[in-house]
Amino acid sequence: MKLSEKVYRIVAKIPKGKVTTYGSIARYLKTKAYRAVGQIMKHNPYAPKVPCHRVIKSDGTISGFSGSDPKNIKKKIALLRKEGVIVKNGKIPKEFIVDVNEFI
DNA sequence: CGCTTGACACCGT
DNA sequence: AACGGTGCCAAGC
């Protein structure tokens, strides 16, 4: 079982209206491959099943899946808001960031 | 088999 | 508070 499979499984379980961080996922898998998690999200072969937009940085900022395109970021934010996540100044309040162990 | 890359996290300045 | 440098790990070539 590759790390990617585990990551996909976890991300797919993120409930609506909540988000988690790369760090949380990595810790849950008992690995320190934070960066690998990011790579896996980027590849994202399970596109609809794996809502990568619900995975953010530990700071609460949205990561570069919209990266160089600020307008795309707004779209992601709108999507998150529609799911019930409040976004402030392009960042998500800690209240919405749930550790993987909380919803697994 | 070894080198390079990365959608991160942490710490110091 | 913001920016940059460093360290970690997996995947791809």
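Lettering of chains follows the sequences in order, A, B, ..., and the numbering in each one begins at 1. Bear in mind that the values here come from a model prediction, so they are computed numbers and not experimental data.
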For this session: For DNA chain C, find the residues of residues 1-25 of chain A with a heavy-atom distance under 4.0 Å and give them by number; none if there aren't any.
Result: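 Residues of residues 1-25 of chain A under 4.0 Å from DNA chain C: A/Lys2, A/Leu3, A/Ser4.
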For [X] and [N], give me the distance from atom [atom1] to atom [atom2], rounded to whole Å.
{"X": "A/Ile56", "N": "B/dA7", "atom1": "CD1", "atom2": "C1'", "value": "12 Å"}
{"X": "A/Arg35", "N": "B/dA9", "atom1": "CZ", "atom2": "P", "value": "10 Å"}
{"X": "A/Ile62", "N": "B/dA7", "atom1": "CD1", "atom2": "C1'", "value": "12 Å"}

Practice item. Could you tell me whether the side chain of A/Val100 reaches within less than 4.5 Å of the side chain of A/Lys13, counting heavy atoms only? Key: no
So which atom in [X] and which in [Y] form the shortest heavy-atom distance, rounded to 0.1 Å?
{"X": "A/Phe103", "Y": "A/Pro15", "result": "CG-CD, 3.6 Å"}
{"X": "A/Ser24", "Y": "A/Asp99", "result": "OG-OD1, 3.0 Å"}
{"X": "A/Leu3", "Y": "A/Ala36", "result": "CD2-CB, 4.0 Å"}

- Task: Test A/Ser4 against every option in A/Ile40, A/Asn44, A/Val37 by the side-chain contact (heavy atoms from CB on, under 4.5 Å) rule and name the one that passes.
- Result: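 The residue from A/Ile40, A/Asn44, A/Val37 that satisfies side-chain contact (heavy atoms from CB on, under 4.5 Å) with A/Ser4 turns out to be A/Ile40.
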side-chain contact (heavy atoms from CB on, under 4.5 Å) test vs A/Ile92 passes for just one of A/Thr61, A/Ile86, A/Val85, A/Asp59, namely A/Val85
Ordered by number, residues from residues 82-104 of chain A within less than 4.0 Å of DNA chain B (heavy atoms) are none
What residues 37-52 of chain A contributes to the DNA chain B interface at heavy-atom separation below 4.0 Å is A/Gly38, A/Gln39, A/Met41, A/Lys42, A/Cys52
* Quick one: which residue pairs count as a ring-ring contact (aromatic ring centres under 6.0 Å, His included) with a foot in residues 1-60 of chain A, not counting sequence neighbours? =>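 Residue pairs passing ring-ring contact (aromatic ring centres under 6.0 Å, His included), neighbours aside: A/Tyr8-A/Tyr46.
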| query | Could you go step by step and tell me if A/Met41 and A/Val7 meet the side chain to side chain contact (heavy atoms under 4.5 Å, CB included) rule? | reply | CA-CA 8 Å; A/Met41 288 296 110; A/Val7 173; 3.3 Å; yes
Tell me if the CG atom of A/Asn101 is crowded by more than 12 foreign heavy atoms within 6.0 Å.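 Result for CG/A/Asn101: enclosed.
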Side chain to side chain contact (heavy atoms under 4.5 Å, CB included) evaluation trace for A/Ile14 with A/Val55: CA-CA 9 Å; A/Ile14 301 175; A/Val55 185; 4.0 Å; yes
Treating A/Thr20 as the side-chain partner and A/Val98 as the backbone partner, does any N or O pair qualify as donor plus acceptor under 3.5 Å?
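Between the backbone of A/Val98 and the side chain of A/Thr20 there is a qualifying donor-acceptor contact (under 3.5 Å).
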| query | What residue pairs, at least two apart or across chains, pass salt bridge (Lys or Arg N to Asp or Glu O under 4.0 Å) with a residue in residues 77-88 of chain A? | reply |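 Sorted result for residues 77-88 of chain A: A/Arg54-A/Glu83.
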According to a hydrophobic-cluster definition based on side-chain heavy atoms being under 4.5 Å apart (Ile, Leu, Val, Met, Phe, Trp, Tyr only), do A/Leu80 and A/Val11 belong together?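 No; tracing contacts between hydrophobic side chains, which count when under 4.5 Å, never links both residues.
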Footprint ends on DNA chain C, 5' to 3', for atoms under 4.0 angstrom from a heavy atom of chain A, come out as C/dG7 to C/dA11
